[in-house]
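Protein chains get the first letters and strands the later ones, always in sequence-line order, with residue 1 at the start of each.
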There are 2 protein chains.
Amino acid sequence: MFAESRIAPSVTINQPVAGRQRAGHLWSSLTDVCSLLQVTPIAAASTADDVVFQHVQFKTGQRLFTVGQPFDALYILNSGFLKTVMLDEAGNEQVLSFPMKGDVLGVDGIHAKQYMSEAVALSSCDVIVIPFKVFSSLGRKYPELELSLYGVMSRELAREQSMAGMLGSLSAEARVGRFLVALSERYAAMGYSGKEFNLRMTRQEIGSYLGLTLETVSRTLSAFDRIGYIAVEGRSIILKDMPTLKTLRRLPPSQSRSKEVVAVKKSAADVSFDAAEDLLAA
Amino acid sequence: MFAESRIAPSVTINQPVAGRQRAGHLWSSLTDVCSLLQVTPIAAASTADDVVFQHVQFKTGQRLFTVGQPFDALYILNSGFLKTVMLDEAGNEQVLSFPMKGDVLGVDGIHAKQYMSEAVALSSCDVIVIPFKVFSSLGRKYPELELSLYGVMSRELAREQSMAGMLGSLSAEARVGRFLVALSERYAAMGYSGKEFNLRMTRQEIGSYLGLTLETVSRTLSAFDRIGYIAVEGRSIILKDMPTLKTLRRLPPSQSRSKEVVAVKKSAADVSFDAAEDLLAA
DNA sequence: CGCCTTATTGACCCTTATCAATTGGTGTGG
DNA sequence: CCACACCAATTGATAAGGGTCAATAAGGCG
C-alpha cells in the first residue's frame, strides 16, 4: 500500500498518479499531489500521508465548474485535456487556456469567492480535488506548500501577461507558430513526443484562444504545411521546423521600439524575418 | 503617535497614507498597509504595530524594478501613477497595466525569483516596500493576511484574463471606450472625479496596452469627441456618455456564439450597437 | 527661446474577418 | 447496413478595420 501511494517522482511525472482505491474512488496523498505539481516534495509531507485528496472523473464536454458557481476547491489535472473559457456579456465563449496534466484550475475563483471562468473537459479527465479550506490550513502547517501556490499563481499570471502581449502585438502566423511550439513543449514535458501529436481542440477553439477566426487558423496551418514547417492532416500535427515556428517575425504593429534599442540583434532576428516573408509570398 | 499612524480608514482611502517620519524616511504600519489595500483590518494587527514598512519615492521615468532583477519584495503604490511593461525578445516595451493607488506590484516575480516585468513611474510616486520574507512570515502569523494576498493575485489573474479576452475579441473603438470607463471608475474609487480627469500616459502607451497603434488611439478619441461621447484636448478627458462607452459593440471577430445563446438580450444590446454604427459612419 | 517629444490627421494598402460553398468524418435511426 | 444529419475543416472571394508612412501642429522642458 505504501509502495503504491509513493511511486518515485521521476516515474509519476510522466504517467498519471495512481492514487489508491478506497470506497470505490481514487485518492491521492499530499506527496502524490506535490509530485504532480513538480514541487520539491515537502519534507514533512510524509508525516501527513493520512491527508488524502479525492479524484473525480469527467467525460468529454462535462464542466468541472461554471462561472458564478461558489468557489470552494482548487483542481489539479491528473490526466486528460481541458479548456477554460470566459463568457462575455452575450454569452459567447472565449478560450483562456488549454490545461494539461499538472495544471491547477479554479485559481481565479479565490478573490470573489466564485469561479470567474469555466473548465470544460476536451477528453476524459481525471482531476484531484483540493478543498480550499483544507489547502490553506495545510499551507499554514507547511510554509513550502503555500509558497508553491504563490508560485503557481505567479506563473499563471506571467503566462497570462505574455499571452496578452502576444495578442496585442503578433501576427496570425506568429501566434499559430508559437501556439504549436508551446503545445509541443508541454507534450514533451509530459513525456510524449514533442514532434508529433494530435490537437485536442477544434480550429474554432484555437482561434478563440489566439484571437483569430477559425478560417485564419486553418489557412495558416495549411500555409505552414505548404512551406514545410509542419505536416497537418486534420488534428494530427508533425512539427518539422520548430526554431522557425517559434521565432516567426512579429509584424511590428505596436511599433513601440524604444529608441535605445533599435538595431539590436540583426542577424538572428532577420533569419526568421526572411522566413516569414517566404510564408506570405507562398 | 498612535493617532497619526491609525487614521480612520474612510479617510485614508482617499488620500495618501501619511505614515510616520523616522530617520528621514516615511514608514507605515501593518494597519496602514491593510487600509491601503482595502483589506478588512486584521484584528491582531494592532498588536503588531511595531512592524513597519519603508516608503520609497520615485521620480518620473524611474523604475521600481527591472526584468531579471532578483525578486525580494512586493511594492504597494501609495501615491502616483505607474506603468508596468514586458520586454519582448527585441527589447520592445509592451504595456501590461497602469497601476494606481493601492495596487500591488512585483507579484509576477514570486515564481521565478526574479521580476518578469518592469514598473516605471509616470509621475512622482510613493511606494511602500514589503520584503517578501517579512510578508510570508507575517502571513503565517495572520492567516487573513495571506488570504488577502491570494485574493490580490487571484483578482490580478482575473483582470489579466478579461484583458486577454478584450484583446482577442473587441474592436478598437470598444477597447478605447472600455479603457476610458475603467480609468474613470478607478479615479472615482480614489475619490477623484470620474467624469473629468487627465491621462497620465501617452497615446503610444495606451495603444501598447490595448494592442493598437498610437494613431488608432488618437483617431478613436477624436471620433468619440466628434460624436459627443467625450471631450478630449490632449490629455484632458471629459466623459459625456459613459454607458455607451462601456458597452460599445464588439464587432464579432471570434464568432464563437454558442448555439444555445443566440437571440439573447436584443433590446439592451442593440442600443449600443446602433451607437457604434453612428461612430463608424461619422 | 528653441529643441524634442507628443498628438493629430490624411492617404494608402495589407492583414485578417466575413460570407459562402464543399468535403470528409461520425453518429444515429430507419 | 445505409442514408441522413450534423459538425469540423478547407478553401475561395470580398471587403473593411486598422496598421504604416508621412507631414504638420502643439506642447513641455531645459
### Query
Could you give the CG-to-C1' distance, from B:Leu199 to C:dT8, as a whole number of Å?
15 Å
## Note on the structure
Heavy atoms of A:Asn198 and A:Tyr187 approach each other most closely as O-OH, 3.1 Å
### Task
Kindly write out the residues that satisfy side-chain contact (heavy atoms from CB on, under 4.5 Å) with A:Ser117, not counting sequence neighbours, or none if the list is empty.
A:Phe65, A:Leu96, A:Asp108
### Query
To the nearest angstrom, how far is A:Asn92 atom CG from C:dA17 atom C1'?
15 Å
#### Entry: Donor-acceptor contact below 3.5 Å, side chain A:Glu118 vs main chain A:Val67
yes
### Query
Does B:Tyr209 have its ring centroid less than 6.0 Å away from the ring centroid of B:Phe179?
yes
### Message
Between P on D:dG17 and CG on B:Leu248, what's the gap in Å once rounded to a whole number?
### Response
14 Å
#### Entry: Length of the line joining A:Glu205:CD and D:dC7:P, which is rounded to integer Å
14 Å
### Task
For B:Leu210 and D:dG17, give me the distance from atom CG to atom C1', rounded to whole Å.
16 Å
### Query
B:Glu173 has an atom CD; how far is it from atom P of D:dA16, in whole Å?
14 Å
### Task
Assign a letter to each nucleotide of nucleotides 9-14 of chain D from its 5' end: B, base within under 4.0 Å of a protein heavy atom; S, sugar-phosphate only; -, no contact.
SBBBB-
#### Entry: Pairs touching residues 181-195 of chain A that satisfy salt bridge (Lys or Arg N to Asp or Glu O under 4.0 Å), sequence neighbours left out
A:Asp103-A:Arg186, A:Glu185-A:Lys246
### Query
How long is the line joining CG of A:Leu167 and P of C:dT16, in whole Å?
13 Å
## Note on the structure
Interatomic distance, CE@B:Met201 vs CZ@B:Phe98, rounded to 0.5 Å, equals 4.5 Å
